[in-house]
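Remarks on the structure that follows.
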Amino acid sequence: MADEKELRYEPAAIEEKWLERWAADPKLYAAEPATCGKPKYYVLEMLPYPSGQLHMGHVRNYAIGDALARQMWMRGYNVLHPMGWDAFGLPAENAALKNNTPPREWTLKNIAAMKRQFTRLGMAFDWANEVTTCLPEYYRWNQWFFLRMFEKGLVYRKKSKVNWCPQCATVLANEQVVDGCCWRHDDTRVEQRDLEQWFLRITHYAEELLDGLEKLDGWPEKVRTMQRNWIGRSEGTEVDFFLEESHQGPRDQETKGRRDQETQGRRDQGTKGPRDQGTEGPRIRVFTTRVDTIFGATSVQLAPEHPLVREFAAANPELKAQVEAMIAQQKAAKEAGDIGAIEKHGVATGHFALNPYNGERVPIWVANYILMDYGTGAIMSVPAHDERDFEFATKYGIEIRQVIKPLQNEDAAKLPFCSEEGVLVNSGTYDGLTCAEAQNQLQKAAARKGFGEAKVIYRLKDWGVSRQRYWGTPIPMMHCERCGLVAVPDAQLPVLLPDQIEITQQGGSPLGRVPEFVNTACPQCGGAARRETDTMDTFVDSSWYFYRYTDARNGEAPFDSAKARYWFPIDQYIGGVEHAILHLIYSRFWTKVMRDLGLVENDEPARRLFTQGMVLKDGAKMSKSKGNVVSPDEMIARYGADAARMYALFAAPPDRDLDWQEDGVAGVSRFLGRVYRLVVKYAPVARMAAGSATISAGNPVEVQLRRKLHQTIAKITQDFEGRWHFNTCVAAIMELVNELQGADGRLAAGEVAAPVVRELLQSLVLLLAPFAPLLAAELWEQLGGEGAVLHAPWPQSDPALAKEDEIEIPVQINGKLVSVVRVAAGSDAKTIEAAALADAKVQARTAGKNMAKVIVVPGRTVNLVVK
RNA sequence: GCGGAAGUGGUGAAAUGGCAAACACACCAGCCUUAGGAGCUGGCGCCUGAAAAGGCUUGCGGGUUCAAGUCCCGCCUUCCGCACCA
C-alpha cells in the first residue's frame with residue numbers, strides 16, 4: 001500500500017497528462033458512421049459566440065452536455081457531440097473600430113483562444129466537424145438557402161419601419177429591442193426609420209409552428225408557452241365598415257360627433273342595410289375577435305399611420321397637425337420604452353362610417369392605442385364590452401351601449417362586461433343568441449353579403465433578416481438597371497465578403513463603400529449591376545448549424561441528407577433560456593423549410609430541450625461593469641478543471657440559477673483529493689484481483705459497502721434518464737466515498753476481499769467519469785481498467801445487492817413522530833404494527849387510551865390514531 | 001395588467017403525500033504535523049433548560065388527509081417572459 005502521507009492530489013499534473021494523451025488521439029470523441037450498429041445519440045449544446053473568453057455560464061452549459069455525452073458513450077451509444085462558433089456579428093466590428101484589427105482576424109484569434117479553454121476543461125467534442133459560421137465554406141450555404149427560399153416565394157422585400165440603433169448604426173429586430181433600447185446598449189434609445197428590408201416569410205409556417213409545439217413534449221412547458229404567446233394566434237372576423245361619402249369640412253368634432261350618435265343610435269336597426277348604401281364605395285376593414293358585439297360599436301378607431309388617416313389629413317390641416325403630434329408622441333414613447341404607460345387619446349376625423357349590419361352611422365376617430373402593424377390597423381370600438389374602448393369612450397363622451405347581457409349575475413351588469421358568457425341584446429334579429437352562436441352567424445352573414453369573413457391572425461411577424469453591417473453573410477442578390485432584382489446564380493456562390501474594408505462608425509452599409517464588391521455584371525443581361533449590400537441577421541447562421549455538424553466538410557451541399565436522416569432529430573439540445581423564442585423559433589422554421597425542400601425528413605430539429613439556469617455571483621449576473629466576473633482560467637489554475645466543472649453541477653440543479661461561490665469549488669476540489677487518495681491507496685489491492693476473480697457471498701462489511709455502491713449506481717443511472725439532478729448525483733458519490741472512507745480501517749486490515757475492493761473502486765471511478773473525466777481517466781488507469789474510461793461500460797446496479805435487509809419505520813401517534821422501530825425489509829403490515837405496538841415509548845403514550853385506528857404503510861410509516 | 005417559475009438553517013441546497021434539513025460551504029471544538037489554501041475526529045435549524053428533556057419550525061392565512069415542504073383555495077414577496085395584440 002502506498003504511503004498516504006505522500007499522496008497529494010495535484011490536479012494540474014494529472015489533468016495535463018491526460019489532456020496530452022487525449023490530444024494525441026483525435027478519434028477519441030469522433031462520431032461513428034451510421035453503419036456501426038450502435039444506437040445513435042445526438043447531444044448538442046448551443047454554440048458560443050467567440051468573444052475570446054469562456055465565462056462561467058459556458059462552463060456550466062458544457063459541463064452538463066459533456067456529462068451526458070460521456071455517460072451515453074459509456075452506455076454504448078454512437079454519440080455525436082460537436083462544437084462550433086457563432087462567428088458573425090457586431091462585436092467583431094466594434095473590436096475592429098477599437099483596436100484596428102480586422103474582424104476576421106479578431107474572430108479567428110478568439111476562436112483559437114476559446115478552443116484552448118474548451119480543451120483545457122477536458123470537453124469531449126468531436127472537432128472533426130467543427131463549424132465556423134464566418135467562413136465562406138459555411139456562409140455560402142446561408143446564401144444557397146436564401147436563394148432556395150427566394151425561389152419558393154419565402155423571401156421578399158418591403159419598405160418598413162425598422163428599429164435603428166444609432167450606436168450600432170444598424171437595424172434591430174423587434175426582439176433585439178429591450179425596453180425601447182438596444183439589446184447591446186441598454187443606454188441607447190432605438191429610433192424608428194423607414195428602409196427597404198429583406199424578409200423571410202416565417203408567417204407562412206405560423207400555424208405549423210404553433211401546432212408543432214403540442215408534440216414537443218420533450219421541451220420545457222415554459223418555452224412552449226413563450227413560443228405560443230410569441231406566435232399569438234387569434235381567431236376573429238374581418239368586417240368592412242362603409243365610408244360615408246359626404247366629406248365634410250373641419251368643425252367642432254367632439255360635440256358634433258356626440259350629437260350624431262344620440263340621434264343615430266335610436267334609429268331602427270336593420271332598416272338600412274349595406275345593400276342600400278356604399279357597397280361599392282370605400283371601406284374600412286377592421287379586425288375583431290368579438291363580432292358578436294358589433295351592434296355595440298359606437299365608433300371606428302384608426303391607427304395614426306392608417307392610409308385613410310393620411311387621406312383625411314390631406315384635406316384637413318388641423319387634423320393633420322393633430323395626427324402628426326400623435327405619431328411623434330408615440331414614437332417618442334416607443335423610443336423611451338414606456339409605450340403602454342402612455343395615456344389613451346384620440347381625435348375625431350369628422351368622417352363617419354356605416355355599420356354593415358344595420359347601416360348605423362358611427363364617427364371615425366384616430367386613436368393612439370391602435371397599432372398599424374397588428375390586424376388591419378383599424379378597429380370597431382365597443383366600449384360596453386372592451387376595457388380599452390371603455391376607457392376611451394368615457395374620456396371622450398362616446399356612447400356606451402350594452403349589447404351583451406351576462407348569463408349570471410344579470411343584475412350586477414357592471415360595464416365593461418368583457419366575458420363571452422352572455423347573450424345578445426339590442427342586436428336586432430340576433431337578440432337572444434349566445435356570443436358563440438352570434439359570432440358564427442354574423443360571420444356567415446358577412447361572407448354572404450361580401451363585407452367580411454372569418455379570419456385568423458398572428459402576432460408573429462415575418463423575419464426581417466437585413467442588416468446594414470459588414471460582418472455577416474452577404475445577401476446573394478443584385479440590382480440590375482435593366483432586369484431589376486436578380487438572384488446570384490448558384491454557380492457564383494459564395495458571394496465573398498471582401499477582406500479589405502475600412503470599418504467606420506458611419507451609418508449605412510459598410511459594403512456599399514467597397515466598389516469592387518458593389519459593381520458587378522448582371523448574370524441575365526451582362527450589363528452593369530449593383531450587389532445588394534445588406535448582410536444577413538446572425539440568427540440565420542444559428543438556424544441550421546446543427547445540420548452542418550453531421551457533414552461539416554461537404555463542399556457540394558449544405559450536408560448529406562442521408563447523414564442528417566441518421567442523426568436527426570437532435571436527441572438532447574441544451575442551452576440558455578434566453579434563446580427560448582428567437583433562436584429556437586427560427587431553427588424550427590428553418591427545419592420546416594428544409595423539409596419542404598426535401599433535404600430532411602424531420603419536422604422539428606430537437607426532440608428534447610433543456611434550458612439551464614444562469615450563473616450568478618453574489619446574486620447578480622456577472623458583468624464587467626459590476627466587477628463580479630469569475631474567470632474559468634483562474635478557477636482551473638487554482639482547483640483544476642474537474643473541480644470547476646463538478647462544482648458547476650453540484651451547486652444547484654442544472655435548471656436553476658447558480659450562485660458561484662469559490663469556497664464551494666475548493667470543497668469539491670478537496671473531495672476529489674479524498675477520492676484520489678482513497679483509490680490510489682487501495683489500487684494495488686484492486687489490481688491483485690484482476691482477471692477472473694469472482695466475488696463470494698461476503699462478510700458484513702463487504703455486504704454493506706456493496707449495498708451502498710449498488711444503491712448509488714441505481715440512483716445516478718436513474719437521474720441521467722430522468723430528472724438530471726446532477727447535484728444529488730454528486731452528493732450520492734460523496735456519500736459513497738464517505739462510507740468507503742469510514743471503512744478505511746477494515747479495508748486496511750484486509751477485511752474486504754480484493755475482488756470486492758476492485759468492484760467498489762472501479763465502479764466509483766466509472767460513476768465519477770461523466771463529472772470529473774480527467775481524474776477518472778487517471779484513476780481508471782491506476783486501477784488497471786481496460787481501455788479508455790470513456791468506453792468502459794457504465795456500471796449496472798444489482799437490485800438484490802442494493803436491497804436493505806432491515807429498515808427503520810417511524811411511528812406516529814396522531815400524526816406526531818413518537819418513535820422509530822426496526823423491522824426486516826419487506827415486512828408486512830401486521831409485523832410492522834406489532835413492532836410499533838411493542839415499542840416502549842409507544843406503550844407509554846397509549847396506555848389507557850382508546851386506539852381508534854391504525855394506519856400502516858409497509859416500508860414507510862405507522863400512524864396510530866388515539867383518543 | 002396577463003402568463004410562468006420560485007420562496008426550506010448563517011449559505012448553496014435535499015426530501016415517489018410518510019422521520020424536514022441528505023450532501024456540501026461557513027463556523028465552533030479537538031487531534032496531527034517535515035505548518036498546508038493540507039489531513040483526521042466531533043459539533044452545528046430555532047426557542048426554553050446547567051443538563052436530562054421538552055416545545056417550535058419549510059413566505060402568510062385557510063382547507064383536504066390518519067399524515068402536507070409536497071395536493072387545493074386565497075394572499076404577500078422575488079425573479080423571468082409578454083405587454084394598448086382589438
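Just so you know, these numbers use all the heavy atoms, side chains as well, and skip hydrogens, waters and symmetry mates. Residue numbers start from 1 in every chain, and the chains themselves are labelled A, B, ... in the order their sequence lines are given, proteins ahead of strands. Note that this is a predicted model, so its numbers are computed, not measured.
Within the nucleic acid shown, A/Gln812 comes within 4.0 Å of at least one base atom, counting heavy atoms only. Across all strands shown, A/Asp389 has no heavy atoms under 4.0 Å from either base or sugar-phosphate atoms. Counting any heavy atom pair closer than 4.0 Å across all strands shown, A/Ile457 reaches no nucleic acid atom. Within the nucleic acid shown, A/Gly667 comes within 4.0 Å of sugar-phosphate atoms alone, with no base atom in reach, counting heavy atoms only.
The aromatic rings of A/Phe417 and A/His385 sit perpendicular, their planes meeting at an angle over 60°, well past the 30° parallel limit. Ring geometry, A/Tyr396 versus A/Phe392: the interplanar angle falls from 30° to 60°, so the pair is classed tilted.
Nucleotides B/C60 and B/U8 are separated by 10 Å at their P atoms, to the nearest Å.
Contact check on A/Asp292 versus A/Arg290 returns a salt bridge, with a Lys/Arg side-chain nitrogen under 4.0 Å from an Asp/Glu carboxylate oxygen. Using a cutoff of 4.0 Å between basic side-chain nitrogens and carboxylate oxygens, A/Arg224 and A/Glu214 are not scored as salt-bridged. Salt-bridge formation is not detected for the pair A/Glu804/A/Lys708: no Lys NZ or Arg NE/NH1/NH2 atom is positioned less than 4.0 Å from an Asp or Glu carboxylate oxygen.
Two residues, A/Ala303 and A/Met734, neighbour RNA chain B, and the one matched to the more 5' nucleotide by heavy-atom proximity is A/Met734. Taking for each of A/Ala732 and A/Asn727 the nucleotide of RNA chain B with the nearest heavy atom, the 5'-most of the two is the partner of A/Asn727.
For the residue pair A/Ser299 / A/Gln301, a side-chain donor-acceptor distance below 3.5 Å is found, with atom types taken as modelled.
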Identify each atom pair where a protein N or O and an N or O of nucleotides 38-45 of chain B are less than 3.5 Å apart, giving names and distance.
residue: B/C40; atom: OP1; partner: A/Gln741; partner atom: NE2; Å: 3.2

List every contact pair, protein side and nucleotides 55-59 of chain B side both N or O, where the distance is under 3.5 Å.
residue: B/C56; atom: OP2; partner: A/Lys816; partner atom: NZ; Å: 3.2

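Between the side chain of A/Glu808 and the base of B/C19, a donor-acceptor pair under 3.5 Å is found. Below the 3.5 angstrom threshold, one finds no donor paired with an acceptor across the side chain of A/Asp663 and the base of B/C25. For A/Lys853 against B/C66, a side-chain-to-base donor-acceptor contact under 3.5 Å is absent.
Not counting sequence neighbours, A/Asp217 has no partner by the side chain to side chain donor-acceptor pair (under 3.5 Å) test.
Close to B/C84, at under 4.0 Å from its OP1 or OP2, lies no side-chain N or O of A/Arg459. Proximity of A/Asn229 to the phosphate of B/A83: no side-chain N or O atom is located under 4.0 Å from OP1 or OP2.
The side-chain hydrogen bond (donor to acceptor under 3.5 Å, both in side chains) pairs that include a residue from residues 656-665 of chain A are A/Arg638-A/Glu662, A/Tyr639-A/Glu662, where partners are two or more places apart or lie in different chains.
Annotation: proximity of residues 712-720 of chain A to RNA chain B (heavy atom, distance under 4.0 Å) is found for no residue.
In this structure, CZ of A/Arg723 is placed 5 Å from P of B/A15, rounded to the nearest angstrom.
Distance from the side chain of A/Lys222 is smallest to B/C80 among B/A14, B/G18, B/C80.
In the displayed structure, A/Arg285 atom CZ is contacted under 6.0 Å by more than 12 heavy atoms of other residues, nucleotides or ligands.
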Checklist outcome for this item: Read 5' to 3' with Watson-Crick or G-U pairs under 3.5 Å, [ ] for crossing pairs and | for partners on another strand, RNA chain B gives (((((((..(((.....[....))).(((((.......))))).((((....))))..(((((..]....))))))))))))....

